[in-house]
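Remarks on the structure that follows.
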Amino acid sequence: MRIQYICFMPSPLSQDIKFLAGVGPKRAELLKSELGIVTFADLLYYFPYKYVDRTKFYTIREINGQLPYVQIIGKIAKVEKAGEGPKARLTAVLTDQTGTLDLIWFKGIKWVMSSIRTDRQMVIYGKPSVFNGRINIVHPELEDYNEVKNSIAGSIQAFYNTSEKMKNNFLTSRALLKLQTTLLGVLHGYIRETLPEWFVEKYRLDSLENALTNIHLPQNPELLRKAQFRLKFEELFYIQLKLLSIKSYRERKFRGHVFEKVGDKLNAFYHECLPFELTNAQKRVIREIRRDMGSGLQMNRLLQGDVGSGKTLVALMCMLIALDNQVQTCLMAPTEILAVQHFDTLSKLLKPLELNIRLLTGSTKTKDRRLIHQELEDGSLSILIGTHALIEDKVSFKNLGFVVIDEQHRFGVAQRARLWAKNTIPPHVLVMTATPIPRTLAMTLYGDLDVSVIDELPPGRKPVKTLHFFEKMHREVYRFLDSEILKGRQTYVVFPLIEESEKLDYKNLQAGYDHLLKVFPQYKIGMVHGKMKPSDKEEEMLRFKNHETQILVSTTVIEVGVDVPNASVMLIESAERFGLSQLHQLRGRVGRGADQSYCILMSSHKLSKESTIRLETMVRTTDGFEIAEIDLKLRGPGDLEGTQQSGIGFDLKIANISRDGDILQHARNVAADIIDDDPMLEKSHNAPFRVQLRHLKKTPFDWSSIS
Ligand code: ADP
Ligand code: MG
């Protein structure tokens with residue numbers, strides 16, 4: 001009976017936060033609405049964003065204006081108030097055995113006066129500065145030394161993010177810290193280990209209870225580091241364990257088409273149609289893909305490569321391997337323009353092979369659509385190229401064996417999954433990214449895929465020269481555009497357009513276009529933007545491609561994949577407003593021919609620190625992988641293009657993909673070892689993993705819809 005009673009006792013972890021001493025209904029409401037904290041556990045897992053080491057006390061003699069925040073013990077004397085109202089200020093003199101120092105307040109004077117005790121030792125905490133040759137501290141924090149001894153001062157202080165609304169209700173970072181202290185007292189003995197004992201020992205991890213205690217109330221820097229490591233490692237480990245177990249499940253459950261024939265089509269293409277020699281990187285990647293497709297397992301591979309590295313050709317050759325093995329293939333692109341372009345490129349390259357290739361997009365006419373459906377079903381259609389239209393339920397294949405998804409980050413995981421369902425044996429899937437993404441991000445975003453990298457550009461390409469100018473240089477820049485056009489080249493002029501300022505941005509785009517018409521009356525100028533009808537957009541693009549226009553004014557709709565080798569200048573207006581990977585993508589639109597190409601970044605004089613880094617990075621390097629790393633550091637993974645749409649919520653509480661790459665790699669290796677040894681996590685010593693995976697509230701993927 002007694003045991004049963006204990007079992008039914010609710011763990012305090014799931015209790016409503018309003019029952020924690022010091023919270024109450026009003027604060028509970030705030031915690032919920034501002035931070036999403038509902039239970040004790042939610043608060044426990046609300047981690048600090050920074051720490052300040054307050055173990056060190058300074059003497060006044062040691063203080064200089066260059067020091068960061070310092071704390072000093074001393075006595076306060078000579079408290080003087082001068083002025084009234086907004087001009088009021090309070091000064092006081094702090095004294096210790098080594099000297100004196102001025103303390104100054106302009107705000108909250110009444111409150112400060114009431115908390116200063118001149119008869120006691122006080123701890124003051126603040127940033128020293130120099131004014132009129134004297135060192136002072138403006139708006140220092142004050143505490144009574146006697147009360148302080150067993151609280152903040154003398155320890156490492158955790159800081160929590162709070163909102164304005166919380167602060168107005170005295171739910172400051174300090175208040176949260178106090179709540180955490182209370183909470184840890186209440187939970188003592190209830191925090192159960194979420195990793196198996198053998199695992200904690202083997203990898204020398206802190207216990208969960210210790211880690212959670214030290215993350216909020218670190219006793220010293222060493223224990224804080226240990227706590228952070230344990231929590232980050234666990235977080236990343238479970239994500240990897242989940243991803244790798246999905247991968248392993250898929251490998252066990254799905255047979256793949258076995259493509260073992262070395263066929264005529266590939267040979268014919270290779271020997272008769274290939275207009276150039278493949279780069280070594282292209283050859284290596286084709287080998288990797290080929291190995292996958294012959295293995296009997298279903299391939300799920302991510303192909304990474306910088307803009308212009310020749311991913312399309314790789315995809316094409318792999319499609320031929322599939323065709324040689326009597327299956328159908330399709331290629332899906334994120335926009336109509338790109339689908340059309342792929343269709344044109346592939347049709348041209350494959351012409352001698354006389355294959356049945358068709359294009360299916362939103363604007364395909366009903367009659368043609370019907371024909372396509374029929375040919376797909378009777379198997380006479382070999383290659384289907386298109387947009388999202390491909391994954392509509394109506395589209396069914398006789399025997400789909402290989403799928404290429406271009407520019408993946410525009411597609412969601414769920415869409416990828418729908419393609420799999422197009423055949424009883426799921427097709428091999430090759431996903432191509434538009435821009436390289438950092439290794440660490442790939443491990444998380446595409447952690448269930450194998451990865452191939454093209455790390456080499458075709459020979460003979462001259463790297464694009466990138467220049468940054470401030471706006472007043474427009475005239476010179478236009479003169480340069482003119483000289484390029486006179487040489488027979490074409491130029492892009494791109495304007496920013498974001499949702500938040502759409503109206504104004506469209507106005508600027510139109511004004512920019514009108515201005516260019518005046519500057520270059522002798523040239524034909526086209527314009528494309530997202531509000532145009534797809535067919536009109538298409539037409540404008542085509543006019544540019546056919547060299548009927550010399551200048552193309554546009555928004556970022558031309559960002560991805562568009563190929564006009566004769567274009568040699570990419571002029572980007574208000575470049576400071578673009579993201580780094582976007583700038584890199586845009587730059588990738590030029591430099592596709594043999595001639596020297598240029599990317600010109602125009603910006604205003606007022607640049608934030610981040611914009612400066614972005615523009616400098618663009619000028620300094622053309623390496624897409626390096627750019628991707630910097631982009632990740634600047635923006636954080638949650639903001640990276642595509643991560644939101646990709647269907648994978650980044651819900652990392654403590655680990656940071658850009659900073660914790662080493663821990664991530666370690667966690668992935670450890671998870672891989674465990675899955676290799678015990679794919680279903682059936683062994684008893686792995687049981688806690690299974691339990692925990694089930695408990696993970698927000699799983700990064702929902703694959704349940706697939707099988
Ligand atoms: P991306 O990787 O950006 O999709 P593409 O596949 O569009 O690159 O290729 C960019 C250009 O390079 C195309 O015009 C393509 O024909 C050309 N290309 C691809 N591979 C080679 C190669 N091995 N040698 C020379 N040119 C190549
Ligand atoms: Mg491409």
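Whatever order the structure lists them in is the order used to number ligands and atoms, beginning at 1. The analysis underlying the following values was restricted to heavy atoms, covering all of them including side chains, and did not include hydrogens, waters or symmetry mates. Since this is a predicted model, take the numbers as computed values, not measurements.
Two rings, from Phe544 and Tyr492, have their centers less than 6.0 Å apart. Tyr598 has its ring centre less than 6.0 Å from the ring centre of Phe480.
Taking each of Gly624, Gly310, Pro458, Ala281 in turn, the one with a heavy atom nearest to atom 25 (C) of ligand 1 proves to be Pro458.
Set against the non-hydrogen atoms of Asp306, the atoms of ligand 1 under 4.0 Å away are 2 (O). Within the listing of ligand 1, atoms 4 (O), 5 (P), 6 (O), 7 (O) sit less than 4.0 angstrom from a heavy atom of Thr312. For ligand 1 and Arg592, the ligand atoms under 4.0 Å from any heavy atom of the residue are 3 (O), 7 (O), 10 (C). When each atom of ligand 1 is checked for a heavy atom of Ser309 under 4.0 Å away, the hits are 2 (O), 8 (O). The distance from ligand 1 to the heavy atoms of Glu277 drops below 4.0 Å at these ligand atoms: 22 (C), 23 (N), 24 (N). The atoms of ligand 1 that sit less than 4.0 Å from any heavy atom of Thr279 are 23 (N).
Counting heavy atoms closer than 4.0 Å to ligand 1, residue Arg461 contributes side-chain atoms (C-beta onward) but none from N, CA, C or O.
A heavy-atom distance below 4.5 Å is not found between the side chains of Ile372 and Leu359.
A donor atom on one side chain and an acceptor atom on the other are found under 3.5 Å apart for Thr279 and Gln282.
Using 4.0 Å as the threshold, Gly305 has no heavy atom nearer than that to any atom of ligand 1.
For Ser608 (side chain) and Ser611 (main-chain N/O), a donor-acceptor pair under 3.5 Å exists by modelled atom type.
Applying the side chain to side chain donor-acceptor pair (under 3.5 Å) rule to Lys531 yields no partners; only residues at least two apart in sequence or on another chain are considered.
In terms of N/O distances under 3.5 Å, ligand 1 is not approached by Leu313.
Screening residues 610-620 for salt bridge (charged side-chain N to carboxylate O under 4.0 Å, His left out) gives Glu610-Arg614, Arg620-Glu626 as the qualifying pairs, with residues at least two apart or on separate chains.
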